[in-house]
Amino acid sequence: MLIPDMPDVPDQYLPIIVAENKLVSSSLVGKEGTIGVCEPIPNVPGMDIGDGYSLSVPAAVINYLWKFDVDLKQMSEEERWAKLTSLESKAKVTVIQKPDIGALNTELIPGFASPNYLYKPTLNKSGKSQAIFFVEMGEYRFKVIYELYSVAGDPGPETMSKICGKRGQYYKVSGSVD
């Protein structure tokens, strides 16, 4: 309910308030925004993690769009899958902020425009770090904020639930790109 603040005018004048109702086009809903990814990463002494744990940045956007984009939900699953797969292969990813705990490496993948990003936590150091990416895929533009939690042991479903809480692994931060 909208309760307007009436202007203070003398009694002989009639205050007029003009309000405009503007509908948002469904084609604009979900085309850009900021999403978050909660990612517990095991950090165990002596565990060989190679180049690091894969942060599938375009896949995070694809996961979000699959669940929430209004236009895509109107397509059949086959059409939606084909469109999202095509977008993912052409995704352009830019690193905005590297994590302050650990290292961020890249791995080239044949057939994809952007490299895969690999996070390697600092051994024996636990805590939260953050990596921020900007993703452009066709008409979609998203800022993706990875919350990286370096944990001792295996981050199974119980650890995921404890760290990520009710919001889950993928969640919306805002509807527009800052």
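Hydrogens, waters and symmetry mates play no part in the numbers below; they use all other heavy atoms, side chains included. Treat the numbers as computed from the prediction; the structure is a model and nothing was measured.
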Would you check, one step at a time, whether the test side chain to side chain contact (heavy atoms under 4.5 Å, CB included) holds for Leu148 with Tyr53? CA-CA 11 Å; Leu148 305 164; Tyr53 293 95; over 6 Å; no
Would you please test Leu84 and Leu65 for side chain to side chain contact (heavy atoms under 4.5 Å, CB included) and show each step? CA-CA 8 Å; Leu84 291 174; Leu65 292 174; 4.1 Å; yes
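Contact of the Leu72 side chain with the Gln74 side chain is not registered, since no non-hydrogen atoms from C-beta on lie closer than 4.5 Å. Tyr140 places a side-chain heavy atom less than 4.5 Å from the side chain of Leu87. At least one side-chain heavy atom of Arg80 sits less than 4.5 Å from a side-chain heavy atom of Trp66. Annotation: side chain of Asn105 is not in contact with side chain of Tyr117 (no heavy-atom distance under 4.5 Å). Contact annotation: the side chain of Leu104 approaches that of Leu55 to within less than 4.5 Å [non-hydrogen atoms, C-beta and beyond]. Two residues are said to be in side-chain contact when any heavy atoms from C-beta on lie closer than 4.5 Å; Val93 and Pro58 meet this criterion. Residues Val37 and Glu147 form no side-chain contact, since every pair of their non-hydrogen atoms from C-beta on lies 4.5 Å or further apart.
The backbone N or O of Asp100 lies less than 3.5 Å from a partner atom in the side chain of Ser129, making a donor-acceptor pair.
Between Leu118 and Ser54, the shortest heavy-atom distance links the atoms CD2-CA, 3.7 Å. The heavy-atom pair separating Cys38 from Met160 by the smallest distance is O-SD, 4.2 Å. Nearest heavy-atom pair, Gly36 versus Val173, reported as atom, atom and distance to 0.1 Å: N-CG2, 3.7 Å.
With sequence neighbours left out, Ile132 forms a side-chain contact (heavy atoms from CB on, under 4.5 Å) with Ile96, Gln97, Gln130, Lys143, Ile145. Take Glu79 and apply the side chain to side chain donor-acceptor pair (under 3.5 Å) test, not counting sequence neighbours, and it matches Ser76. Judged as a side-chain contact (heavy atoms from CB on, under 4.5 Å), and not counting sequence neighbours, the contacts of Asn63 are Lys67, Tyr170. In terms of the side-chain contact (heavy atoms from CB on, under 4.5 Å) criterion, residue partners of Glu136 (sequence neighbours excluded) are, by chain and number, Lys92, Phe134, Arg141. Listed by chain and number, the residues in a side chain to side chain donor-acceptor pair (under 3.5 Å) with Ser161 amount to none (sequence neighbours excluded). A search for side-chain contact (heavy atoms from CB on, under 4.5 Å) contacts involving Ser86 returns Lys90, not counting sequence neighbours. Shown here are the salt bridge (charged side-chain N to carboxylate O under 4.0 Å, His left out) partners of Glu139, two or more places apart in sequence or in another chain: Lys31, Lys83.
The line from NZ of Lys128 to CD1 of Ile41 is 14.0 Å long, rounded to the nearest 0.5 Å. Distance check, rounded to the nearest 0.5 Å: NZ of Lys172 to CD1 of Ile35 gives 11.0 Å. Taking CD of Glu39 as the reference point, atom OG of Ser150 lies at 12.0 Å (rounded to 0.5 Å).
Among residue pairs with one or both ends in residues 62-100, none qualify as disulfide bond (SG atoms under 2.5 Å apart); sequence neighbours excluded. Within the structure, ring pair (Phe, Tyr, Trp, His ring centres under 6.0 Å) pairs that include any residue of residues 145-166 comprise Phe133-Tyr146 (at least two apart or interchain).
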